[in-house]
J.: 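Input: one structure, supplied below.
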There are 2 protein chains.
Amino acid sequence: MPSAFAAGDDELVEAEHLIRDRMSGLDLDLLSLAAVSNVFRTATTVRNHMERNVLKPHSLSWSAFVVLFVLHIWGAKESRELATEAGISGGTLVGVLDTLERKGLAVRQPVLTDRRRVGVALTDAGTTVVEDVMPAFNREEAQVTGDLTAEETATLARLLRIVLRTAEDLDNR
Amino acid sequence: MPSAFAAGDDELVEAEHLIRDRMSGLDLDLLSLAAVSNVFRTATTVRNHMERNVLKPHSLSWSAFVVLFVLHIWGAKESRELATEAGISGGTLVGVLDTLERKGLAVRQPVLTDRRRVGVALTDAGTTVVEDVMPAFNREEAQVTGDLTAEETATLARLLRIVLRTAEDLDNR
DNA sequence: ACACTACTATTTGGGGCCAAACGATTCACC
DNA sequence: GGTGAATCGTTTGGCCCCAAATAGTAGTGT
């Protein structure tokens with residue numbers, strides 16, 4: 001939830017009191033509210049920062065870059081897996097691939113054994129872009145986690161992985 | 001970054017090795033990469049979960065709910081602050097407010113002292129919706145953090161707050 | 001009064017996003 | 001071998017998202 005938690009410490013305390021007051025009758029778990037809110041706020045802020053400072057100079061959208069990244073790490077993949085891996089729906093992937101193909105960074109290739117399916121592979125230009133953007137992207141990642149100790153950064157990754165898996169389990173049931 | 005980090009532990013280790021191999025020449029900070037990646041993956045997964053299970057039954061979009069929430073916590077607000085508080089651009093807020101007004105959940109009201117500005121307030125129906133949705137939303141928040149101890153949940157919120165503030169400072173410079 | 005500047009919400013254009021509906025292909029079973 | 005169910009990628013419709021351009025309003029200095 002927005003800046004309900006965030007910003008300076010003063011505003012933070014003020015927001016917490018406001019929520020306590022305005023939501024007093026609702027019996028809320030303020031601890032998990034704060035944690036989950038901060039996940040969203042952090043993700044939005046860091047993502048916007050990345051899009052402006054790293055992706056935009058290359059005219060890449062967020063999802064386009066994620067798809068390129070997945071293809072570079074895992075090699076050529078079929079459409080369905082690619083969508084899952086990139087965390088977007090199949091319908092969304094179609095548009096992203098259209099854009100990527102138009103820019104010559106990836107290509108669709110028919111699967112010979114099954115004409116329903118479609119493979120996707122990086123072009124040389126696509127490979128170059130990933131290897132160019134990835135270090136810049138990672139430099140910013142290091143920046144935003146720069147005020148954490150190495151141990152805290154590892155803890156953050158670990159705690160998030162737990163939440164992530166819990167949420168995934170909730171959906172697969 | 002997608003499921004590069006996530007899923008089961010086996011896949012996680014496999015992904016880490018893959019990244020190490022494929023990106024070996026690039027000198028990446030894998031610790032911050034994992035932490036930031038998990039922020040994005042967690043945010044996406046939890047958000048999709050919330051939209052499907054909590055918001056959709058009320059025909060509410062994510063941003064629409066955030067705006068309603070902010071209005072409920074802070075009371076009537078002017079457009080500009082509202083956008084900042086909700087973490088969206090001014091242009092985006094216009095569309096969200098159009099939708100919210102059409103559904104009778106919020107209203108724009110002219111600011112008498114300055115005809116450029118526009119105030120926004122919840123309607124009674126809007127208040128009812130927030131007070132209905134918020135507890136359901138919070139129940140899911142408690143669910144996804146359910147595998148964390150109270151102390152871990154607090155730690156998660158704290159570490160994210162540090163990253164968030166670092167990222168915000170990076171942008172305001 | 002007048003221009004100049006600064007600020008407001010809004011519109012525009014190009015994408016991204018999902019769910020649901022669709023058409024094509026494959027598979028299973030009879 | 002033909003019929004029905006399952007599984008692909010794609011299309012459609014509605015909303016969200018941002019940046020940049022726009023129009024209207026307010027303040028500032030002359």
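Below, chains carry the letters A, B, ... as their sequence lines are ordered, and counting in each starts from 1.
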J.: Is there, by distance only and without an angle test, a donor paired with an acceptor across the side chain of B:Arg117 and the base of C:dT8 below 3.5 Å?
T.: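 For B:Arg117, whose side chain was compared with the base of C:dT8, there is no donor-acceptor pair (under 3.5 Å).
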J.: Taking CG from A:Asp171 and P from C:dA19, how many angstroms apart are they, rounded to a whole number?
T.: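 Interatomic distance, CG of A:Asp171 to P of C:dA19: 10 Å.
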J.: Categorize B:Val118 for me: base, sugar-phosphate, or nothing, with a 4.0 angstrom heavy-atom threshold over every strand shown.
T.: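 B:Val118: backbone/sugar contact only, no base atoms under 4.0 Å.
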J.: Would B:Arg158 and A:Glu152 pass as an ion pair if we require N to O under 4.0 Å?
T.: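 So B:Arg158 pairs with A:Glu152 through a salt bridge.
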J.: Toward the 5' end of DNA chain C, which comes first, B:Arg116 or B:Asp98, by nearest nucleotide?
T.: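 With B:Arg116 and B:Asp98 compared, the 5'-side residue is B:Arg116.
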J.: Base, sugar-phosphate alone, or nothing: which one does A:Ser61 contact when heavy atoms must sit under 4.0 Å apart?
T.: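 Since only primed, P, OP1 and OP2 atoms lie under 4.0 Å of A:Ser61, the category is sugar-phosphate.
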J.: Over all strands shown, is A:Ile88 touching base, sugar-phosphate only, or nothing at heavy-atom distances under 4.0 angstrom?
T.: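 Answer is sugar-phosphate: A:Ile88 comes under 4.0 Å of backbone atoms only.
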J.: Can you tell me how far P of C:dG15 sits from NZ of A:Lys103, to the nearest Å?
T.: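 It is 9 Å, rounded to the nearest whole Å.
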J.: Consider ring-ring contact (aromatic ring centres under 6.0 Å, His included). Of B:Phe69, B:Phe137, B:Trp62, which one does A:Phe40 pass it with?
T.: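 Going through the options one by one, the only one that passes is B:Trp62.
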J.: Taking for each residue the nucleotide of DNA chain D bearing the nearest heavy atom, is the 5' side occupied by A:Glu81 or by B:Ala64?
T.: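 The residue closer to the strand's 5' end, by nearest nucleotide, is A:Glu81.
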J.: Under 4.0 Å, heavy atoms only, any strand: does B:Thr92 hit a base, just the sugar-phosphate, or nothing?
T.: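 Base contact.
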J.: For D:dC8, does either OP1 or OP2 sit under 4.0 Å from a side-chain N or O belonging to A:Ser79?
T.: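 So the side-chain polar atoms of A:Ser79 never come under 4.0 Å of the phosphate oxygens OP1 or OP2 of D:dC8.
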J.: Could you tell me whether the phosphate oxygens of C:dA20, OP1 or OP2, come under 4.0 Å of any side-chain nitrogen or oxygen in B:Lys56?
T.: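 Checking B:Lys56 against C:dA20: at least one side-chain N or O falls below 4.0 Å of OP1 or OP2.
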J.: Taking B:Glu101 first and then B:Arg108, would you say they form a salt bridge - that is, a charged N and a carboxylate O separated by under 4.0 Å?
T.: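 Salt bridge between B:Glu101 and B:Arg108, a charged N being under 4.0 Å from a carboxylate O: yes.
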J.: Answer with yes or no whether the side chains of A:Thr166 and A:Asp169 bring together a donor and an acceptor at under 3.5 Å.
T.: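 No, no side-chain donor-acceptor contact under 3.5 Å.
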J.: Round to the nearest Å and state the distance from A:Leu97 atom CG to D:dT11 atom P.
T.: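 Answer to the nearest Å: 12 Å.
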J.: Quick check: on DNA chain D, is the nucleotide nearest B:Arg102 upstream (toward 5') of the one nearest A:Arg52, or the reverse? Name the residue that is more 5'.
T.: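 In this pair, the answer is B:Arg102.
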J.: Starting from C1' on D:dC15, measure out to CG on B:Leu60 and report it in whole angstrom.
T.: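 It works out to 13 Å between those atoms.
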J.: Could you check whether A:Ser89 gets within reach of a base, just the sugar-phosphate, or nothing at all, counting any heavy atom under 4.0 Å?
T.: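 The residue A:Ser89 makes base contact.
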J.: Are B:Glu168 and A:Arg41 ion-paired here, with the side-chain N under 4.0 Å from a carboxylate O?
T.: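 Yes, charged N to carboxylate O under 4.0 Å.
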J.: Taking the nucleotide of DNA chain C with the nearest heavy atom to each, does A:Thr99 or B:Asp114 sit closer to the 5' end?
T.: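 Comparing both residues, the 5'-ward one is B:Asp114.
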J.: Would you kindly give the CD-to-C1' distance between A:Glu51 and D:dA20, to the nearest whole Å?
T.: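 Interatomic distance, CD of A:Glu51 to C1' of D:dA20: 16 Å.
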J.: Would you say a side-chain N or O of A:Arg108 is under 4.0 Å from OP1 or OP2 of D:dC8?
T.: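 Checking D:dC8 against A:Arg108, no side-chain N or O comes under 4.0 Å of OP1 or OP2.
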